[in-house]
Amino acid sequence: MTVQLPKGTRDFYPEDQRIQNHIFDTWRKACLRFAYEEYEGPMFEHLELYTGKSGDEIVKQLYNFIDKGGRDIALRPEMTPTLARLVIQKGGTLKMPFKWFSIPRLFRYERTQKGRLREFFQLNMDIIGSDSVYAEADLLVGICSMLRDFGLKPADFVIGISSRKLLSTFLTELKATDPTAVYPVLDRRAKIPGDIFLAELAAAGLAAEQVVRLDAFMACKSIDEVKACIQSQDSQAALQELEDLFTILAHAGVSESVALDLAVVRGLAYYTGIVFEVFDRGHSMRAVAGGGRYDSLTERLGGKKVPCVGFGMGDVVLADLLSDRGLLPTTGPTVDFYLVTFAGNMPKLFEVAASLRNAGCSCSHALAPAKVGKQMESANIAGASRVIFVDGDKAPPGEYEFKNLKDGTQGCSTLDQLIKEVQP
RNA sequence: GUGAGUGUGGCGCAAUUGGUUAGCGCACCAGAUUGUGAUUCUGGGGGUCGUGGGUUCAAGUCCCAUCACUCACCCCA
């Protein structure tokens with residue numbers, strides 16, 4: 001093998017593609033059930049869309065190049081900027097709010113490890129033009145419904161929910177001098193020992209008293225506990241929003257799958273309100289999905305301000321989780337009929353095949369004359385439910401000998417009858 | 001960017017502290033079975049042991065380098 005697979009990419013042999021299709025089909029089915037409409041965009045965009053006015057450090061983590069026209073181009077590392085561009089381009093002509101989803105192929109230039117590749121797929125669901133917390137609720141209920149479709153139960157996953165707004169207002173209460181330095185530390189709370197957590201908070205510019213209050217705040221497991229920690233009206237308003245959200249989620253019947261988790265911060269700078277992440281119970285792998293509200297992204301990209309909320313769910317971690325729980329389909333290929341010829345009558349094979357396919361049935365057959373035993377074996381491999389012998393001399397006129405590969409029974413019948421049996 | 005681990009037919013593995021022709025399972029091909037599949041039996045093809053160098057009478061095995069992959073940290077859209 002002289003040329004090998006590029007680092008961080010995957011081949012999808014048919015058995016892999018079947019699994020991939022299962023994931024995509026389940027995603028798409030759930031999205032449509034919740035009345036999200038599918039959209040797409042280009043797989044590469046102007047680099048500027050991702051760098052924007054913020055730092056150029058992101059360039060190190062994406063695939064970019066200069067095209068033959070001298071343009072700075074980047075393979076898309078995420079879908080949200082493209083979505084924002086779509087929204088901005090249509091100006092005010094889009095009837096809001098609306099709910100869209102997409103399953104983009106994304107690229108990131110970074111070290112590979114478990115759950116992180118350089119090329120992957122990610123379901124994106126977004127609600128554009130609604131500043132109501134019911135939009136968050138719609139997305140979260142959708143995630144629960146979708147994960148249930150995959151066979152996952154509340155015991156398998158949990159959606160941790162927090163609020164950037166609440167964190168922000170609380171840090172204001174604390175009079176933290178540099179909130180942006182604090183966020184990354186909060187994000188790591190679950191991953192590092194408690195004393196180191198406190199030390200890092202101090203390093204982020206917080207005094208001892210502030211650290212104590214923040215630590216107590218972060219330890220809250222319920223809305224009521226948080227209530228006791230906060231004072232300002234702004235904080236109370238942000239908390240009220242969370243409380244409203246949990247109330248709605250309870251009405252939707254997904255309380256078992258959601259939990260207040262103030263350590264969910266999300267690294268992305270454009271989040272402005274509710275944020276959430278989906279984890280396997282036990283946090284043994286990285287987040288299956290994550291998202292939140294980003295009300296100012298369109299504004300930052302040069303459009304007018306439009307309230308947005310959405311999330312992304314990658315295929316890699318999801319497949320890892322499903323595999324771990326034994327929830328990936330193991331079925332092979334299937335076909336309605338496999339046609340066998342005793343005498344190598346290829347014209348007859350194609351003739352019968354055409355009739356079956358015209359009737360909407362799937363069928364396969366040998367592409368060169370072969371011994372009957374070989375053809376039967378091929379029928380088996382193709383996953384055929386029935387074999388039809390196209391030139392058997394034991395069938396009455398107008399009928400064909402057939403064999404049911406599932407139960408081994410055989411007999412003679414007309415094509416019409418055989419077709420009816422596989423099309424309930 | 002930092003650190004650790006692993007590289008032996010297509011896949012998964014073995015090869016006694018360096019020793020003779022590198023084995024096994026699965027898969028693949030053929031036959032037993034020239035009008036009937038999943039079992040079984042028999043036979044067969046396929047490996048310059050990641051690559052390059054070194055030590056040695058002798059290297060898959062030890063040493064160095066290099067490449068690739070994996071895992072973790074950083075980061076995480």
Just checking A:Phe389: base, sugar-phosphate only, or nothing, at a heavy-atom cut-off of under 4.0 Å?
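Here A:Phe389 touches the bases of the nucleic acid.
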Please work out if A:Arg188 contacts a base, only the sugar-phosphate, or nothing of the nucleic acid, heavy-atom cut-off 4.0 Å.
sugar-phosphate
Using the P atom on both, measure B:rU16 against B:rG23 and round to a whole Å.
14 Å
Separation between the C1' atoms of B:rG9 and B:rG50, rounded to whole Å:
14 Å
Are the side chains of A:Leu171 and A:Leu214 in touch, meaning some heavy atoms are under 4.5 Å apart?
yes
Taking the six-membered ring of A:Tyr183 (Phe, Tyr or Trp), confirm whether the NZ or CZ of A:Arg164 is under 6.0 Å from its centre and within 45° of its axis.
yes
Is the A:Phe350-A:His365 ring centre distance short of 6.0 angstrom?
yes
Of all of [range], which get a heavy atom below 4.0 angstrom from RNA chain B, listed by number?
{"range": "residues 280-296 of chain A", "value": "A:Arg286"}
{"range": "residues 361-374 of chain A", "value": "A:Lys371, A:Val372, A:Lys374"}
{"range": "residues 308-337 of chain A", "value": "none"}

Report yes if a donor N or O on one partner sits less than 3.5 Å from an acceptor N or O on the other, where the partners are the side chain of A:Arg116 and the base of B:rC75; otherwise report no.
yes
Under the 3.5 Å rule, do the base of B:rU2 and the side chain of A:Arg111 count as making a donor-acceptor pair?
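Donor-acceptor pair under 3.5 Å: yes.
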Out of [options], which nucleotide sits closest to the side chain of [X]?
{"X": "A:Lys7", "options": "B:rC76, B:rU2, B:rC69", "value": "B:rC69"}
{"X": "A:Arg108", "options": "B:rG1, B:rA77, B:rU70", "value": "B:rA77"}
{"X": "A:Gln113", "options": "B:rA77, B:rA72, B:rC75", "value": "B:rA72"}

Could you tell me the separation between the CZ atom of A:Arg386 and the CD1 atom of A:Ile419, rounded to the nearest 0.5 Å?
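Reported value, rounded in 0.5 Å steps: 11.5 Å.
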Ignoring backbone atoms, test whether A:Ser378 places a side-chain nitrogen or oxygen under 4.0 Å from the OP1 or OP2 oxygen of B:rG37.
no
Determine which pairs satisfy side chain to side chain donor-acceptor pair (under 3.5 Å) with at least one residue from residues 193-207 of chain A, sequence neighbours left out, and list them in order.
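Qualifying pairs, neighbours excluded: A:Arg188-A:Glu200.
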Can you establish whether the number of heavy atoms outside A:Phe24 located under 6.0 Å from its atom CZ is more than 12?
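Counting neighbours around CZ of A:Phe24, more than 12 heavy atoms of other residues, nucleotides or ligands fall under 6.0 Å, so yes.
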Under the 3.5 Å Watson-Crick or G-U criterion, the dot-bracket string of RNA chain B, with | for inter-strand pairs
(((((((..((((.....[...)))).(((((.......))))).....(((((..]....))))))))))))....
Contacts of type side-chain contact (heavy atoms from CB on, under 4.5 Å), residue A:Ala181, not counting sequence neighbours:
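Once residues adjacent in sequence are excluded, the partners of A:Ala181 under the side-chain contact (heavy atoms from CB on, under 4.5 Å) criterion are A:Asp178, A:Ala204.
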What integer distance in Å separates A:Lys114:NZ from B:rU6:P?
19 Å
What class does the angle between the rings of A:Tyr294 and A:Tyr270 fall in, given that below 30° is parallel, 30 to 60° is tilted and above 60° is perpendicular?
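A:Tyr294 and A:Tyr270: tilted rings.
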The ring pair (Phe, Tyr, Trp, His ring centres under 6.0 Å) partner of A:Tyr39 among A:Phe101, A:Trp100, A:Phe98 is A:Trp100
